[in-house]
There are 2 protein chains.
Amino acid sequence: MATGKKEQDASTEEKILAAARIVFTRKGFAATKVRDIAAEADINLSLVNYYFRSKEKLFEVVMAEAVQKLVFEIATIFNDEQLDIPEKITKAINYYIDLLLENPDFPLFLVNEIIAGDDMFTRYAQQNTLFKSHLFRQLYELKAAGKLSVHPVHIMMNVIGMVVMPFLARPLLERNELVKDNEFVTLMNERRKLIPLWLKGMLG
Amino acid sequence: MATGKKEQDASTEEKILAAARIVFTRKGFAATKVRDIAAEADINLSLVNYYFRSKEKLFEVVMAEAVQKLVFEIATIFNDEQLDIPEKITKAINYYIDLLLENPDFPLFLVNEIIAGDDMFTRYAQQNTLFKSHLFRQLYELKAAGKLSVHPVHIMMNVIGMVVMPFLARPLLERNELVKDNEFVTLMNERRKLIPLWLKGMLG
DNA sequence: CAACTTTTTTAAACAACTTTTCAAATTTTT
DNA sequence: AAAAATTTGAAAAGTTGTTTAAAAAAGTTG
């Protein structure tokens with residue numbers, strides 16, 4: 001039986017993980033068959049269970065990784081007391097655009113599981129670090145001082161929406177040739193500057 | 001075998017459809033069992049196949065409906081030559097907020113299947129009516145006239161993002177008590193006026 | 001290096017579950 | 001009353017996650 005995790009094996013275990021990342025991310029938990037992962041990894045079916053005990057355990061690993069990537073860096077930015085609101089948001093936007101350009105299927109994957117409510121996200125993300133971050137305090141203070149006319153949540157929803165939505169819509173946009181393959185990247189790079197600009201309008 | 005579609009039966013067939021809408025929308029295609037639908041509809045398992053031939057066919061019907069609801073009304077608005085850009089967008093925003101307040105699970109459901117790429121969406125949505133609509137022509141003209149500094153797609157992504165994102169994020173927001181149950185509706189109603197306002201900033 | 005132990009890999013099969021089919025029973029329509 | 005449509009329970013056919021037992025490979029020890 002599988003004993004330790006960290007022998008000297010990087011090969012098979014990592015192949016499975018890599019495959020799992022791809023398939024789970026693309027199709028979600030329910031639609032993914034263990035056989036799909038084995039095929040993608042080009043290994044024997046049984047090895048998935050041998051190394052990860054179960055489909056669910058493997059999924060948890062992949063999900064934990066994803067949440068980590070998504071939350072950890074952002075939490076740091078949000079809690080940096082040196083940065084003002086626009087600085088924080090600009091940094092966060094750039095981090096996410098970078099991340100999502102590399103992992104375009106990420107948003108669906110997470111949104112999917114967030115709503116599925118199996119709640120891996122809630123379990124793994126210490127969301128208090130986000131929702132009770134320094135940034136949020138800054139926004140609430142601004143509101144209290146009468147310098148922000150709307151609920152801070154509006155601002156956050158807009159930022160997230162403006163960053164993430166394009167990635168969710170991407171397949172649609174490209175399928176309809178409204179945006180060509182490489183043009184999408186260009187557009188997202190434009191947005192690095194545009195979103196902070198638009199946001200200034202919302203805050204001011 | 002199931003022959004025609006439109007006899008005089010409204011009862012069983014409609015019960016199944018209603019159940020399918022609920023379950024498919026909430027859990028997606030793969031996670032939904034025909035048994036779930038039968039249970040939700042409170043009818044015998046076999047009747048699902050009797051009326052809709054297969055799980056997949058049933059899904060297609062539900063998906064087609066959803067896309068219809070999502071696209072048809074909007075296409076009409078987008079192509080109304082009497083309306084200027086802000087009017088069109090305001091109308092569209094209100095339509096979507098109404099629709100999504102009634103069907104909160106819609107966005108995930110669609111986004112899910114858009115990316116799944118089984119492509120029901122592309123098949124059923126005559127997207128040209130959206131992406132080549134009068135609204136788009138208006139935006140491109142504005143751009144050509146130098147009165148809009150960014151690619152029109154940016155504008156569209158923002159509108160969609162600002163409307164849809166909150167619904168995707170809702171479970172997260174409520175789970176973290178950042179937004180209480182009824183407060184969400186209030187916030188979305190605020191957005192009916194706010195989004196057009198923010199948009200004016202982007203267009204001007 | 002040869003005998004052994006342990007780890008890894010493989011093919012097969014199990015068991016549980018799911019979709020679909022079927023034939024008979026029931027209800028509705030003509 | 002006959003015909004057609006609907007409903008039902010059971011079972012067939014197919015998937016899917018997991019287990020098993022044996023083979024192969026790698027590692028260890030005297």
Side-chain angles (χ1 to χ4, degrees), chain A residues 1-64 109 112-113 116 118 120, chain B residues 1-64 109 112-113 116 118 120:
Chain A
M1 293 116 203
T3 57
K5 266 84 229 273
K6 288 275 138 65
E7 262 78 86
Q8 76 302 335
D9 45 18
S11 186
T12 303
E13 190 170 339
E14 184 47 49
K15 270 202 278 183
I16 295 172
L17 250 177
R21 276 191 279 262
I22 291 172
V23 185
F24 276 138
T25 304
R26 201 173 287 154
K27 318 213 294 183
F29 180 79
T32 296
K33 320 295 172 208
V34 178
R35 285 170 171 79
D36 299 339
I37 297 173
E40 176 75 33
D42 195 35
I43 49 99
N44 186 286
L45 173 64
S46 310
L47 291 177
V48 177
N49 285 294
Y50 179 72
Y51 281 100
F52 295 92
R53 305 190 58 79
S54 74
K55 178 189 174 186
E56 201 165 352
K57 289 262 196 304
L58 174 54
F59 181 78
E60 282 179 30
V61 173
V62 173
M63 173 59 83
F109 176 60
N112 217 335
E113 306 303 333
D118 288 7
M120 306 246 183
Chain B
M1 296 117 203
T3 56
K5 265 86 230 269
K6 288 273 139 64
E7 263 77 86
Q8 77 300 335
D9 44 20
S11 187
T12 304
E13 188 169 343
E14 184 48 48
K15 269 202 278 183
I16 295 172
L17 250 176
R21 276 191 281 262
I22 291 171
V23 186
F24 276 139
T25 305
R26 201 174 288 153
K27 317 214 296 183
F29 179 79
T32 295
K33 320 293 172 210
V34 179
R35 281 172 168 77
D36 300 339
I37 297 173
E40 175 76 32
D42 194 36
I43 48 98
N44 185 287
L45 174 63
S46 310
L47 291 176
V48 177
N49 285 297
Y50 178 73
Y51 281 99
F52 294 93
R53 303 189 58 78
S54 74
K55 178 189 174 187
E56 200 165 353
K57 289 263 197 304
L58 174 54
F59 181 78
E60 282 180 30
V61 173
V62 172
M63 174 59 81
F109 177 60
N112 217 335
E113 305 302 332
D118 289 5
M120 307 244 184

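Throughout, a chain's letter reflects where its sequence line sits, starting with A, and its residues are numbered from 1. On a predicted model such as this, the values are computed, not experimentally measured, just so you know.
For the pair B:Ala30 and A:Ala30, the tightest heavy-atom approach, listed with the atom from each and the gap, is CB-C, 3.9 Å. Between B:Phe109 and B:Phe24 the shortest heavy-atom distance is CD1-O, 3.7 Å. Heavy-atom minimum distance, B:Ala38 versus B:Leu45: CB-CA, 3.9 Å. Annotation for B:Ile37 and B:Ala19: closest pair O-CB, 3.5 Å, computed over non-hydrogen atoms. Between A:Leu47 and A:Ile16, the shortest heavy-atom distance links the atoms O-CD1, 3.7 Å.
The shortest distance between side-chain heavy atoms of A:Ile43 and A:Lys15 falls below 4.5 Å. Side-chain contact between B:Phe52 and B:Glu13: present, with at least one pair of heavy atoms (C-beta onward) separated by less than 4.5 Å.
Rounded to whole angstrom, the span from the CD1 atom of A:Ile16 across to the C1' atom of C:dT9 amounts to 11 Å. Summarising the geometry, the separation between CZ on B:Phe52 and P on D:dT7 is reported as 12 Å, rounded to the nearest angstrom. Atoms CZ (A:Phe24) and C1' (D:dG17) sit 11 Å apart, rounded to a whole Å. We find that OH of B:Tyr51 is positioned 13 Å from C1' of D:dT8, with the value rounded to whole Å. Atom CG of B:Leu47 and atom P of C:dT28 are 14 Å apart (whole Å). The nearest whole Å value for the distance from the CG atom in A:Leu58 to the C1' atom in D:dT16 is 15 Å. Rounded to whole Å, the distance from CG on B:Asn44 to C1' on C:dC22 is 13 Å. A:Ile37 places its CD1 atom 16 Å from the C1' atom of D:dT15, with the value rounded to the nearest Å.
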* How would DNA chain D look in dot-bracket form, 5' to 3', counting Watson-Crick and G-U wobble pairs with both distances under 3.5 Å and writing | for bases paired to another strand? -> ||||||||||||||||||||||||||||||
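Residue pairs meeting the side-chain hydrogen bond (donor to acceptor under 3.5 Å, both in side chains) criterion with at least one member in residues 27-44 of chain A, sequence neighbours excluded, are A:Lys27-A:Asp36, A:Asn44-A:Ser46.
Under a 3.5 Å cut-off, the side chain of A:Lys57 and the backbone N or O of A:Tyr51 do not form any donor-acceptor pair.
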* Structure fact -> With sugar-phosphate taken as primed atoms, P, OP1 and OP2 and all else as base, the protein-contact string of nucleotides 18-24 of chain D at under 4.0 Å (heavy atoms; B, S, -) is BBB----
